[in-house]
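Here the structure comes first, spelled out in structure tokens, and everything after it is commentary.
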Number of protein chains: 2
Amino acid sequence: MKWDTLEEEPCSLARTVAVIGDRWSLLVLRECFLRKRRFEAFQSSLGITRHLLAERLKKLVRFGVLRRIPYQESPKRYEYILTQKGLDLYPIIMSIVHWGNIHMVDSRGRPMLHQHKACGKMFDPVMVCSECGEPLTAKAVHVHPGPGARQTSPAHAMADGAKAKAKTGA
Amino acid sequence: MKWDTLEEEPCSLARTVAVIGDRWSLLVLRECFLRKRRFEAFQSSLGITRHLLAERLKKLVRFGVLRRIPYQESPKRYEYILTQKGLDLYPIIMSIVHWGNIHMVDSRGRPMLHQHKACGKMFDPVMVCSECGEPLTAKAVHVHPGPGARQTSPAHAMADGAKAKAKTGA
DNA sequence: ATTGACAGTTCAAAAATAGAACTTTAGGCC
DNA sequence: GGCCTAAAGTTCTATTTTTGAACTGTCAAT
């Protein structure tokens with residue numbers, strides 16, 4: 001399975017992994033949420049190679065997660081800012097940070113704390129059910145195929161022709 | 001920056017990315033949450049190469065996300081099941097799936113639907129503040145350095161000696 | 001005796017990433 | 001004018017990962 005087949009899988013997780021499932025994209029997005037906007041800022045705070053940073057920024061722009069905005073003419077210079085689609089990644093980022101806070105901290109404690117402006121308190125994110133508001137656990141959830149579920153065999157087993165047809169037929 | 005320096009960064013996001021931030025780990029974990037447990041099951045439903053699957057399973061076991069349990073003797077056969085640490089990844093998985101549901105579906109609609117056993121309804125996950133219960137957005141959150149924050153320069157700029165010392169000194 | 005299932009391991013070829021130098025446009029300093 | 005710096009890339013080679021395919025070892029069934 002290649003990167004591009006990943007985004008065509010009939011699975012919302014696989015499609016999202018096509019966007020953020022690599023070494024760097026989530027780190028770049030962390031910087032975005034910390035208000036970094038420029039190439040040099042990303043590069044120096046992450047230590048990513050310039051080559052790969054350029055690649056990743058292009059990818060995130062292509063997926064509509066970042067927007068490239070010129071902030072000066074000649075020489076043309078751009079900043080990268082989160083679109084709404086990008087801002088919507090916030091729960092993913094926060095749940096990742098939270099898991100790290102619980103399971104990956106050393107004896108010094110958390111590298112970062114979060115304060116909710118609305119209530120003023122330091123908080124942790126909690127994932128709840130949109131319908132009843134109760135916290136969610138894996139065991140309390142039933143999974144059902146939805147309208148976009150795959151019909152037959154796994155996508156990675158399909159011939160190219162069949163795959164193209166499956167896409168067109170949407 | 002290499003994979004192993006990633007998990008030593010003073011950042012809960014970076015450390016978690018060291019565990020799940022690659023092409024395959026999240027897909028393998030998806031299968032785990034769908035009750036798959038065996039090598040062949042992972043391999044055939046993901047289309048991952050056997051070599052890399054073995055690698056990834058080893059990594060997830062090493063990080064304590066999966067446990068390797070023998071289910072038969074001679075020939076020794078193992079299954080891989082989620083530990084509590086692994087089960088705690090559920091909010092990450094669900095927020096990733098949710099983002100894909102909102103931003104990456106085609107006209108056919110969602111590949112999967114989720115039903116909350118507790119209330120019986122189809123739901124979406126919502127991330128709320130642990131203190132006041134209100135939904136969270138990036139703009140409503142203030143970030144503060146915590147006790148485990150880095151003191152001086154970025155980790156990727158440290159010499160190896162300094163880095164080793166920083167770890168020992170924890 | 002042969003086949004098939006399972007859980008890997010091994011190896012060469014292809015792709016991605018790292019690391020470093022180089023490019024382009026412009027402003028500031030002497 | 002000549003030299004330095006800054007920003008945002010691009011280009012190049014070397015290294016590391018990943019792929020794809022075949023192979024191994026143990027047992028059960030035919």
Side-chain angles (χ1 to χ4, degrees), chain A residues 1-6 17-28 31-32 36-62 66-81 154-157 159-160, chain B residues 1-6 14 17-28 31-32 36-62 66-81 154-160:
Chain A
M1 198 201 285
K2 307 280 181 52
W3 262 136
D4 30 329
T5 77
L6 199 56
V17 165
V19 182
I20 60 164
D22 66 84
R23 263 182 201 65
W24 290 110
S25 295
L26 282 166
L27 281 301
V28 170
E31 296 303 308
C32 293
K36 296 275 175 65
R37 299 160 163 241
R38 300 191 182 173
F39 192 94
E40 288 297 316
F42 293 127
Q43 204 280 319
S44 66
S45 60
L46 291 174
I48 183 176
T49 63
R50 310 178 71 76
H51 177 53
L52 207 42
L53 176 57
E55 283 287 309
R56 288 295 176 269
L57 288 171
K58 252 178 225 156
K59 187 183 86 169
L60 292 171
V61 168
R62 180 160 47 77
L66 297 180
R67 200 182 354 242
R68 190 157 164 270
I69 311 264
Y71 70 91
Q72 75 173 34
E73 301 289 325
S74 87
K76 272 262 187 192
R77 292 281 182 265
Y78 300 89
E79 356 184 74
Y80 296 87
I81 67 163
H156 60 80
D160 278 357
Chain B
M1 198 202 285
K2 308 279 182 53
W3 262 135
D4 29 329
T5 77
L6 200 56
V17 166
V19 182
I20 60 163
D22 66 83
R23 263 180 202 64
W24 290 109
S25 296
L26 281 166
L27 281 302
V28 170
E31 296 303 308
C32 292
K36 296 274 174 68
R37 299 161 162 240
R38 300 190 182 174
F39 193 94
E40 288 297 315
F42 294 127
Q43 205 279 319
S44 66
S45 59
L46 291 175
I48 184 176
T49 62
R50 310 177 71 76
H51 177 54
L52 207 43
L53 176 57
E55 283 288 309
R56 287 293 177 269
L57 288 172
K58 253 179 224 159
K59 188 184 84 168
L60 292 170
V61 168
R62 180 160 46 78
L66 297 179
R67 202 184 349 245
R68 192 157 164 271
I69 311 265
Y71 70 89
Q72 74 173 35
E73 300 290 325
S74 88
K76 272 261 188 192
R77 292 280 182 263
Y78 301 88
E79 3 185 67
Y80 296 88
I81 67 162
H156 59 80
M158 286 191 206
D160 278 357

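These numbers come from a predicted model, not from an experiment.
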May I have the distance from [X] (atom [atom1]) to [N] (atom [atom2]), rounded to whole angstrom?
| X | N | atom1 | atom2 | value |
| --- | --- | --- | --- | --- |
| Glu79(B) | dA7(C) | CD | P | 8 Å |
| Tyr78(B) | dT9(C) | OH | P | 11 Å |
| Leu52(A) | dT15(D) | CG | P | 18 Å |
| Arg38(A) | dA6(D) | CZ | C1' | 11 Å |
| Leu46(B) | dG8(C) | CG | C1' | 16 Å |
| Gln43(A) | dG9(D) | CD | P | 12 Å |
| Leu53(B) | dT10(C) | CG | C1' | 16 Å |
| Leu6(A) | dT19(D) | CG | C1' | 15 Å |

| message | Within the 4.0 Å heavy-atom criterion, would you say Tyr80(A) contacts the bases, only the backbone, or no part of the nucleic acid? | response |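 Sugar-phosphate contact only.
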Under 4.0 Å between a side-chain N/O of [X] and OP1 or OP2 of [N], yes or no?
| X | N | result |
| --- | --- | --- |
| Lys59(A) | dA16(C) | no |
| Lys58(B) | dT9(C) | yes |
| Arg68(A) | dG9(D) | yes |

| query | Which residues pass the side chain to side chain donor-acceptor pair (under 3.5 Å) test with Arg50(A), sequence neighbours left out? | reply |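 Expected list: Glu40(A).
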| field | Spacing of CD1 belonging to Ile20(A) relative to CZ belonging to Arg56(A), to within rounding of 0.5 Å | value |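 Nearest 0.5 Å value for the CD1-CZ distance: 12.5 Å.
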So which protein N/O to nucleotides 20-27 of chain C N/O distances come out below 3.5 Å?
from, atom 1, to, atom 2, distance (Å)
dA26(C), OP1, Ser74(A), OG, 3.0

Residue [X], side-chain heavy atoms: nucleotide from [options] that is nearest:
| X | options | value |
| --- | --- | --- |
| Arg23(A) | dT17(D), dT9(C), dA7(C) | dT17(D) |
| Tyr71(B) | dG8(C), dC6(C), dA18(C) | dC6(C) |
| Phe39(A) | dA7(C), dG9(D), dT17(C) | dG9(D) |

| Whichever of Asp22(A) and Glu40(B) has its nearest DNA chain C nucleotide further upstream toward 5' |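 Between the two, 5'-proximity favours Glu40(B).
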| field | Glu79(B): side-chain contact (heavy atoms from CB on, under 4.5 Å) partners, not counting sequence neighbours | value |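 For Glu79(B), the residues satisfying side-chain contact (heavy atoms from CB on, under 4.5 Å) (neighbours in sequence not counted) are Arg37(B), Arg38(B), Tyr71(B).
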| Counterpart residues, side-chain contact (heavy atoms from CB on, under 4.5 Å), relative to Tyr78(B) (two or more places apart) |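 Only Arg68(B), Pro70(B), Lys76(B) meet the side-chain contact (heavy atoms from CB on, under 4.5 Å) criterion with Tyr78(B).
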| query | Is the shortest heavy-atom distance from the side chain of Arg23(B) to the side chain of Leu52(B) under 4.5 Å? | reply |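 A side-chain contact under 4.5 Å is absent here.
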| request: May I ask you to test the Leu27(B)-Ile48(B) pair for a side-chain heavy-atom distance under 4.5 Å? | output: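 No, every pair of side-chain atoms sits at 4.5 Å or beyond.
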| request: Would you please name every residue forming a salt bridge (charged side-chain N to carboxylate O under 4.0 Å, His left out) with Arg67(A), sequence neighbours left out? | output: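 Partners of Arg67(A) by the salt bridge (charged side-chain N to carboxylate O under 4.0 Å, His left out) criterion come out as none, since no residue qualifies.
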